[in-house]
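In what follows, chains carry the letters A, B, and so on, assigned in the order in which the sequence lines appear, proteins first and then strands, with residues in each chain numbered from 1.
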Protein chains: 2
Amino acid sequence: MSDPTIRTVELAGAEALRLLGGVSLGRIVFTRQALPTIRPVNHVLVDGDIVIRTHGDAALTRYTGHAGGEGAVVAYEADDIDPATHRGWSVVVTGYARLVTDPRELARYRTLLRPWSTQRMDHAVRIHPDLVTGIRLTEPD
Amino acid sequence: MSDPTIRTVELAGAEALRLLGGVSLGRIVFTRQALPTIRPVNHVLVDGDIVIRTHGDAALTRYTGHAGGEGAVVAYEADDIDPATHRGWSVVVTGYARLVTDPRELARYRTLLRPWSTQRMDHAVRIHPDLVTGIRLTEPD
C-alpha cells in the first residue's frame with residue numbers, strides 16, 4: 001500500500017526558513033503541565049527570528065515569560081501540503097522563545113503582524129532558530 | 001491593529017473529533033532528546049482513536065515503542081484555517097500513543113491509510129484521545 005509517487009527530500013536550513021517566511025500560519029509547540037501542547041498562530045520573520053503575537057493571558061505567555069533571559073525551548077512548524085496529492089513541504093524550527101516586553105520592540109511587531117481573533121493580543125514571542133529542518137514531498141526521480 | 005472580524009469559539013469534544021476525522025493531514029507532537037518535536041503525518045479515525053502510519057526507523061516509532069503498555073503521551077493537531085481570512089478551525093488531542101505491532105491490526109490499518117512517501121511505512125501508531133479541545137475561528141456576533 002505504499003505510495004511510489006512521492007519522494008521525501010531534506011531541505012537546507014536557509015531554504016526551509018525561506019519557505020516558512022513565505023506563509024503566515026504556523027504551529028508552536030511547548031510544554032504545559034508536563035504535557036506537549038500545540039497551537040496555531042500567525043508569524044512573521046524578523047531578522048531571521050520568528051515573531052508571533054499571543055494573548056496576554058495565554059499559557060504560552062506564561063511559559064515564555066517565566067523562563068530566564070535565554071528563553072524557553074519551543075518547536076515551531078509550518079507546512080504547505082496538498083491534502084489530495086500529499087505534495088508540499090514542512091519545516092520545523094527548534095529554538096529558544098522569549099516573551100517580548102520592550103514597548104518599542106512590541107510596537108514594531110504590531111505593524112508587521114495581523115492577529116487572528118477579537119481577543120486582545122498585547123504580547124509577542126520571539127523565537128531564535130537554533131535548529132531548522134525541513135522536507136519537501138515531491139515527484140520521484 | 002486587532003482584527004475585529006474574527007471570533008474564537010470553543011468546540012465540544014465530539015464536534016472537534018468529527019472535524020479532525022474529516023481531514024487526512026495532522027501533526028503529531030512528542031519529545032525527542034528532551035526537546036519538543038512535531039511532524040506532519042496522515043491519520044484516520046478508527047473506533048474513536050487516531051491511527052497514523054510511520055516509518056519503521058522513525059524517532060516516533062522509538063518513542064512509542066519504548067513506552068510501556070499504556071503508551072507514551074503525545075499531542076495531535078489538525079486544522080483547516082484559511083491563510084487569507086484566518087477563518088477555520090483547529091483541534092488538539094492529547095493522549096497515550098502506542099506502537100501497533102499486531103500483524104492483523106496492522107493489516108487492517110494498511111487498508112485505511114495512504115502513506116505519503118516512497119519510504120517504507122510498516123508501523124502504525126494508535127492514539128487514544130484523553131483530552132480533545134478545539135476552536136473555531138468565525139464571524140463575530
In terms of hydrophobic clustering (I, L, V, M, F, W, Y; side-chain heavy atoms under 4.5 Å; direct or indirect links), are A:Leu45 and A:Leu11 co-clustered?
-> yes
Report yes if the side chains of A:Pro40 and B:Ile81 come closer than 4.5 Å at any heavy-atom pair, otherwise no.
-> yes
Does the side chain of B:Leu35 come within less than 4.5 Å of A:Val73's, by heavy atoms?
-> yes
Interatomic distance, B:Arg27 atom CZ to A:Arg27 atom CZ [nearest 0.5 angstrom] | 3.5 Å
ILVMFWY cluster, A:Leu99 and A:Leu60 together (side-chain gap under 4.5 Å) | yes
What part of A:Val29 lies closer than 4.5 angstrom to a heavy atom of chain B: side chain, backbone, both or neither?
-> both
Verify same cluster id: B:Val125, B:Val91 (apolar side-chain graph, 4.5 Å) | yes
One should read off an interatomic distance between A:Ser24 OG and B:His86 NE2, to the nearest 0.5 angstrom, of 4.0 Å
Joint cluster assignment, B:Val9 & B:Leu137, ILVMFWY side-chain distance < 4.5 Å = no
Okay, A:Val23 and chain B: the region with an atom under 4.5 Å from a heavy atom over there is neither
Is B:Val41 reachable from B:Val132 through a run of I, L, V, M, F, W or Y residues, each pair having side-chain heavy atoms under 4.5 Å apart?
-> yes
Looking at A:Asp79, A:Thr37, A:Val92, A:Thr94, which makes the most heavy-atom pairs under 4.5 Å with chain B?
-> A:Asp79
